[in-house]
There are 2 protein chains.
Amino acid sequence: MLVVEDEARLAAALRRGLQAEGFAVDVAADGQDGLEMARHGGYDAMILDVMLPRLSGYRVVRQLRAERHWLPVLMLSAKDGEYDQADGLDCGADDYLTKPFSYVVLLARLRALLRRGAQARPVVLSFGDVELDPAERRVLVAGDEVTLTAREFALLEYLMRRPGQVVSKTELLDHVWDAALETAPNAVEVYVGYLRRKIGRDRLETVRGAGYRLAAAPAA
Amino acid sequence: MLVVEDEARLAAALRRGLQAEGFAVDVAADGQDGLEMARHGGYDAMILDVMLPRLSGYRVVRQLRAERHWLPVLMLSAKDGEYDQADGLDCGADDYLTKPFSYVVLLARLRALLRRGAQARPVVLSFGDVELDPAERRVLVAGDEVTLTAREFALLEYLMRRPGQVVSKTELLDHVWDAALETAPNAVEVYVGYLRRKIGRDRLETVRGAGYRLAAAPAA
DNA sequence: GGCGCCGCTGTGATGGCGCTGAGAATGTCC
DNA sequence: GGACATTCTCAGCGCCATCACAGCGGCGCC
C-alpha cells in the first residue's frame, strides 16, 4: 500500500492503522515522490491526498493514467465542494473520500477497491523500450515478446524496479536468489549473460567494481 | 441504467436527470422487482437504494453477486452511520452515496463506475475463443460446447477471471480447492492435464517455476 | 607496456519441475 | 447393489533450468 500524504500526523496514523490490518505500507510526503514510487510498481493500491507539495494529487493520477498504470487510487481531500469530487474522479481516481473521514469507511472502501483492482490492469514496469508485466509474466523488448526462465525474469524484474540505478552483485544475490542458499557470486554474472543474450547486449551495462545498470536506449 | 428507488419523487428526478445525460433508464420501486430486472441483464449499471420494500438493497446486491452478476452497483442511503457504508461495500456494492447527495457527484461517480465496470466484469467470461458462463455452468470452445466436471470448471473459471495472467499453483490450491483440506499440489497438475485435453492443449500454458496462464490464441 | 584481477562464456552435471498413466476411494445414478 | 463418474494420490520419467567450473579476454593500474 502506498500512502501519499504530507501531513505527518495523518500519514503516521494511516501507516499504523494499515499495518495493523496486515498491509505493507510505504509513505511519500509529496506528489513528486509519490508519483515516482507509484511508477515503480509493486503496490496493490494507493491512498492519495489532493493538496500536496510539488505536485497535486490530481496531476499525480492523471500522469499515472497517461502512463497506463492502473493502480487503484483512493483520493483524500480536505475540500468538500462538489466539484472537487467530480474533478478527482474524472481525473481517473477510483474513489474519493473527504476529510475528516472515518477509519472504518476508509478500510471498507479500500477493500472494495482491492476486490475490483485485482482484475483491473496490473502495473507494467517499463524502461526504455523494455516492458515487463509481472502479472502476465511477459516481457516485451522493442515490441517483441521474449521468453525468460524464472531466474532470468526475477533478475530483470529486480533491475527494472531500480531503473537506471547501479545494483550491486551482492544485492542481487540477496534478493533474486534465495538468501539462505549459498550460491556462488558467479551465478549473477552467468545470468546477466543469459539476459543480455535475450534482451540485447547493450541494454544491460556493467559498472566495473560496482554492479549492473539498465541502459536507457539501445545504441542504434 | 437501472434505478431502484421507492421514493417516487426522487426516482422521477433521477430518471429525468439521467435521461438528459443520454442514458436509457428503467425504474423499479422495490427490491424484489429490482433484483429480477437486474438478473435479466442488459443494464450498464444500477443505482440502488438501501431502504426498500420487500427486499433491502443489501440483500439485492448480495444475491446478485452470489449469482455471479457483476453489474456495477451504486448504493444510495439515507443513513449516514459509518457502519452502513462499510456494510454496503462489503456486500459487494461498488460505490456508496449518502442522501442528501449532489447530482454532480452522483454523475461523476457513475462515470467512474462505468469506466471500470464496462470491461471489468461481464456476466459471461470470455477470452480468446473460450466462453464461460458461470450462471449456466456452460463452456464453449470455438463455438462448441464442452462438458467439464465440477473441479475442472472451477479451475477454468478461476483462470478466466485472471485472463492472461500467470496464476501460481498454490494460489489455485487455495481458491479452487478447499483451503482447509490438504491436497497434494500435484492435483493441480493433474487437473490442468484434464482441462488441456478438453479445451485444447495450447490454450493453457505452463510457465515453469511460476504457474499457469491462459493463452491468447490457439496456434493455428 | 606489462601485469593482475574482474567479469564473460562454453561445457557439462544434477536436481527438481511438471506431465502422465494407473489405480484407490468416494460419490451418484439407475 | 452394480455400473459409472469424479476426485485425488502415487510413482516414474523426461526434460529443462540452474549452477559450478575453468579458461579466456579485456579493463585498469602502475
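So that the names make sense, note that chain A is the first sequence line, chain B the second, and so on, each numbered from 1. Just so we're clear, the structure is a prediction, and the values are computed from it rather than from any experiment.
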Would you tabulate the nitrogen or oxygen pairs shorter than 3.5 Å linking the protein to nucleotides 9-13 of chain D?
{"from": "D:dT9", "atom 1": "OP1", "to": "B:A184", "atom 2": "N", "distance (Å)": "3.1"}
{"from": "D:dT9", "atom 1": "OP2", "to": "B:A184", "atom 2": "N", "distance (Å)": "3.2"}
{"from": "D:dC10", "atom 1": "N4", "to": "B:N186", "atom 2": "OD1", "distance (Å)": "3.0"}

Can you measure [X] atom [atom1] to [N] atom [atom2] for me and round it to whole angstrom units?
X	N	atom1	atom2	value
A:E205	D:dG26	CD	P	19 Å
A:L173	D:dA20	CG	C1'	14 Å
A:L172	D:dC19	CG	C1'	16 Å
B:F153	D:dT6	CZ	C1'	16 Å

Discussion item. I want to confirm an ordering. Mapping A:E152 and B:Y191 to their closest nucleotides on DNA chain D, which one lands closer to the 5' end?
Written reply: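 Checking each residue's closest nucleotide, the 5'-ward one belongs to B:Y191.
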Worksheet entry | Interatomic distance, A:L14 atom CG to A:D49 atom CG [nearest 0.5 angstrom] |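 Going from CG on A:L14 over to CG on A:D49, the span is 9.5 Å.
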Item to complete: Please round to the nearest 0.5 Å and tell me the distance separating atom CG of A:D174 and atom OG1 of A:T170.
Response: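 Reported to 0.5 Å precision, the distance equals 6.0 Å.
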May I ask you to test the [X]-[Y] pair for a side-chain heavy-atom distance under 4.5 Å?
X	Y	result
B:K198	B:L156	no
A:M37	A:V4	no
A:E171	A:Y158	yes

Worksheet item: The side chain of A:R208 lies closest to which of these nucleotides: D:dG26, D:dT7, D:dA17?
Response: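 Looking only at side-chain atoms, A:R208 lies closest to D:dG26.
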Worksheet entry | Partners meeting ring-ring contact (aromatic ring centres under 6.0 Å, His included) with B:Y43 (sequence neighbours left out) |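 Partners of B:Y43 by the ring-ring contact (aromatic ring centres under 6.0 Å, His included) criterion come out as none, since no residue qualifies.
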Worksheet item: A:W177 side chain N/O closer than 4.0 Å to the phosphate oxygens (OP1, OP2) of D:dT18?
Response: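 The answer is no; no side-chain N or O of A:W177 sits under 4.0 Å from OP1 or OP2.
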Discussion item. When you measure from the side-chain N and O atoms of B:R151 to the phosphate of D:dT6, is any distance below 4.0 Å, counting only OP1 and OP2?
Written reply: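 So the side chain of B:R151 is outside the cut-off, no N or O lying under 4.0 Å from OP1 or OP2 of D:dT6.
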Worksheet item: Taking only residues two or more places apart in sequence, or in another chain, which ones meet A:R197 in a salt bridge (Lys or Arg N to Asp or Glu O under 4.0 Å)?
Response: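 Checked A:R197 against salt bridge (Lys or Arg N to Asp or Glu O under 4.0 Å); zero matches.
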Item to complete: Not counting sequence neighbours, which residues clear salt bridge (Lys or Arg N to Asp or Glu O under 4.0 Å) with B:R213? List them please.
Response: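 Scan of B:R213 (salt bridge (Lys or Arg N to Asp or Glu O under 4.0 Å), adjacent residues dropped) gives B:E205.
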Worksheet item: Any side-chain donor paired with an acceptor under 3.5 Å for A:T206 and A:R196?
Response: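 A pair is found: one side chain offers a donor N or O, the other an acceptor, under 3.5 Å apart.
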Worksheet entry | Given DNA chain C, 5'-ward residue of the pair B:R197 and B:G211, judged by closest heavy atom |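 Per heavy-atom nearest nucleotide, the more 5' residue is B:G211.
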Fill in: Contact interval (first through last nucleotide) of DNA chain C with protein chain B, 4.0 Å heavy-atom
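So the outermost contacting nucleotides come out as C:dG16 to C:dG21.
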Worksheet entry | Test: A:K169 and A:E189 ion pair at under 4.0 Å |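 The answer is yes: the pair qualifies as a salt bridge.
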Discussion item. Which label fits A:Y191 and A:W177: parallel for a plane angle under 30°, tilted from 30 to 60°, or perpendicular past 60°?
Written reply: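 Geometry flag for A:W177 against A:Y191: perpendicular rings.
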Practice prompt. Report the end-to-end axis angle of the helix from C:dG1-D:dC30 to C:dC30-D:dG1; each axis comes from five terminal pairs, and the value is rounded to 10°.
Written response: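 Taking five pairs per end, the axes differ by 40°.
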